[in-house]
Number of protein chains: 2
Amino acid sequence: MVKRTARAVSRYHHGDLKSAALSAAEKILERDGLQAVTLRAVARAVGVSHTAPKNHFGDLMGLLSEIAAVGYLRFAAALAEAVNPTSGHARDRLRAMGSAYVTFARAHPNLFLLMFHSERLDMKRPSLLAAIDESRQSLRTAVISSADARPMNPVEVAARATASWSLVHGLAMLLLDGRLKNTMASLPGVDVETFLETVLDVARVGD
Amino acid sequence: MVKRTARAVSRYHHGDLKSAALSAAEKILERDGLQAVTLRAVARAVGVSHTAPKNHFGDLMGLLSEIAAVGYLRFAAALAEAVNPTSGHARDRLRAMGSAYVTFARAHPNLFLLMFHSERLDMKRPSLLAAIDESRQSLRTAVISSADARPMNPVEVAARATASWSLVHGLAMLLLDGRLKNTMASLPGVDVETFLETVLDVARVGD
DNA sequence: CCACAATATTTCCAGTGTAAATATTGTACA
DNA sequence: TGTACAATATTTACACTGGAAATATTGTGG
């Protein structure tokens, strides 16, 4: 059995506890849900005393915030990726980002739910704020580039951006919370991804 | 000091524990958040041993489910109320219901968040299912009545309904999670309700 | 009036977050 | 090289939680 990554032999001083704990926590989150993400469970998974994580995350909220921060960085990358190849019209880029938004939520449901669960997050934590801001940048570029030629006042611009965001976010949340099961059941032969794309097509926000 | 409602003198056998516990729990929920809703806290608030609620709710998830059920009944009433007086066009009714949806979420934020937090709910509990179905009925009437004259296939009908729902739900969730603070801060002089109405106006879903 | 079901209490246990004191280790500096 | 110091980890302790199990009280139908 090979030694971990760094020189870790003595067992005291894990050597890479922070990142090890983060990935262990993320695994627990996706596998067993948020309620299973526990300081003690993470510590057990990494093979360390149950108070060791405190040095790196402070408390449970700190740990969850760091997990969410990692999620936001991946989220931002996924959104940016979705826009890049689409060299078509601005509206197509917005549409592609909406699709990527929902796809990410489906691919990492528990992580996504945590990311929008402020009650469990420390919204003053710098790393989390920075990661959120990165996602916001990704979103903004697509929304801005889809602005019409005709002049709009700032409120209308913000309202359209918020409407677009609300649509994709609400769709993701309803889906993850199982609220679309009835709808899907009433449409035999229609698979989920097809239906989600139809929703995004039908709802061309603003005009 | 007047006796409670029913004849409750002996202190053993509360007499109306279920409803008393429910309203106490709801008060705690709105005042201190979901994490404060605890079987023991509710029992303390009602002045009863900490295992007494078990007889009525089974476990914590059962209690939370009953609270959510009450919320869904109120939610359904609020939505139905919003549609009733509006005798105008079908689209106006849909618009009014969207406004009522967001208004309810703002008026009872923690309750609303619980209602869409399946992880904490027992979605097999009959009372909860019935209450959810009542809300769904309220929503459905408005959406159906706003359907165009021109024929649509079932998938498009469902997609439009889902898009409308997603928009208002996403708007409510983003707002409650504090995700619109930045946007609002960038629009000095615009108050929240005005902005929310603008979002709903801008996003006339489907056509 | 009494057996029984419903309701409430008491007692107990395992699991959790967190604080405080202690122990070990890496490292900068002499 | 060696040593004080900061960083990191452990041990111990405590208050809280959900829940199971045994017990006690009360309402009610027979």
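Chain letters run A, B, ... following the sequence lines, proteins first, then strands; residues in each count from 1.
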Undergrad: Quick one: OG1 on A/T194 to CE on A/M184, what's the gap to the nearest 0.5 Å?
TA: 8.0 Å

Undergrad: Ring centres of B/F75 and B/H108 under 6.0 Å apart?
TA: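 B/F75 vs B/H108: aromatic centres not under 6.0 Å.
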
Undergrad: Could you work out which one of C/dT9, C/dG17, D/dT17 sits closest to the side chain of B/R40?
TA: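 Closest nucleotide to the B/R40 side chain: D/dT17.
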
Undergrad: Using whole Å, report how far CG of A/L39 lies from C1' of C/dG17.
TA: 7 Å

Undergrad: Please check if the side chain of A/D177 supplies one atom and the backbone of A/R179 the other of a donor-acceptor pair under 3.5 Å.
TA: no

Undergrad: Between protein and nucleotides 20-23 of chain C, what N or O pairs are separated by less than 3.5 Å?
TA:
from	atom 1	to	atom 2	distance (Å)
C/dA23	N3	A/Y12	OH	2.8

Undergrad: The side chain of A/S49 is closest to which nucleotide in this list: C/dT18, D/dT8, D/dT11?
TA: D/dT11

Undergrad: Starting from P on C/dT16, measure out to CG on A/L63 and report it in whole angstrom.
TA: 14 Å

Undergrad: Would you kindly give the CD1-to-P distance between A/I28 and C/dG15, to the nearest whole Å?
TA: 15 Å

Undergrad: Determine whether any donor atom in the side chain of A/H50 lies under 3.5 Å from an acceptor atom in the base of D/dT11, or the reverse, and answer yes or no.
TA: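 Side chain to base: no pair present.
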
Undergrad: Using the side-chain heavy atoms of A/A52, tell me which of these nucleotides is nearest: D/dT10, C/dG17, D/dT17.
TA: D/dT10

Undergrad: If you measure from the Lys or Arg side-chain nitrogens to the Asp or Glu carboxylate oxygens, is any gap between B/E26 and B/R74 under 4.0 Å?
TA: yes

Undergrad: Quickly work out the A/Q35 CD to D/dG18 P distance and round it to whole Å.
TA: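 In whole Å, D/dG18 P lies 14 Å from A/Q35 CD.
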
Undergrad: Where the side chain of B/Y72 meets the backbone of B/E134, is there a donor-acceptor pair that is under 3.5 Å apart?
TA: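 No.
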
Undergrad: Grab the CG-P distance between A/L60 and D/dT17 for me, whole Å please.
TA: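 Taking atom P of D/dT17 as the reference, CG of A/L60 is at 16 Å.
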
Undergrad: Verify, without hydrogens or angle tests, whether B/N110 (side chain) and B/L34 (backbone) share a donor-acceptor contact under 3.5 angstrom.
TA: no

Undergrad: Take atom NZ of B/K18 and atom P of C/dT7, then tell me their distance rounded to the nearest Å.
TA: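 Whole-Å distance recorded here is 9 Å.
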
Undergrad: Please state how far atom CZ in B/R120 lies from atom P in D/dG18, giving the value in whole angstrom units.
TA: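 From B/R120 CZ to D/dG18 P: 9 Å.
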
Undergrad: From C-beta outward on A/N55, which listed nucleotide comes closest to its side chain: C/dT18, D/dT8, C/dA8?
TA: D/dT8

Undergrad: So, does B/H56 get its side chain near the phosphate of C/dA6, meaning an N or O under 4.0 Å from OP1 or OP2?
TA: no

Undergrad: A/L64 CG to C/dG17 C1': how many Å, rounded?
TA: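 The answer, rounded to whole Å, is 12 Å.
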
Undergrad: Nearest to the side chain of A/L17, which nucleotide is it out of D/dA9, C/dT18, D/dG19?
TA: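 Selected nucleotide (nearest to the side chain): D/dA9.
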
Undergrad: From D/dA20, C/dG17, D/dT17, pick the nucleotide closest to the side chain of B/R44?
TA: D/dT17

Undergrad: Above 12 or not: heavy atoms from other molecules or residues under 6.0 Å from CZ of B/R106?
TA: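 Above 12, so yes.
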
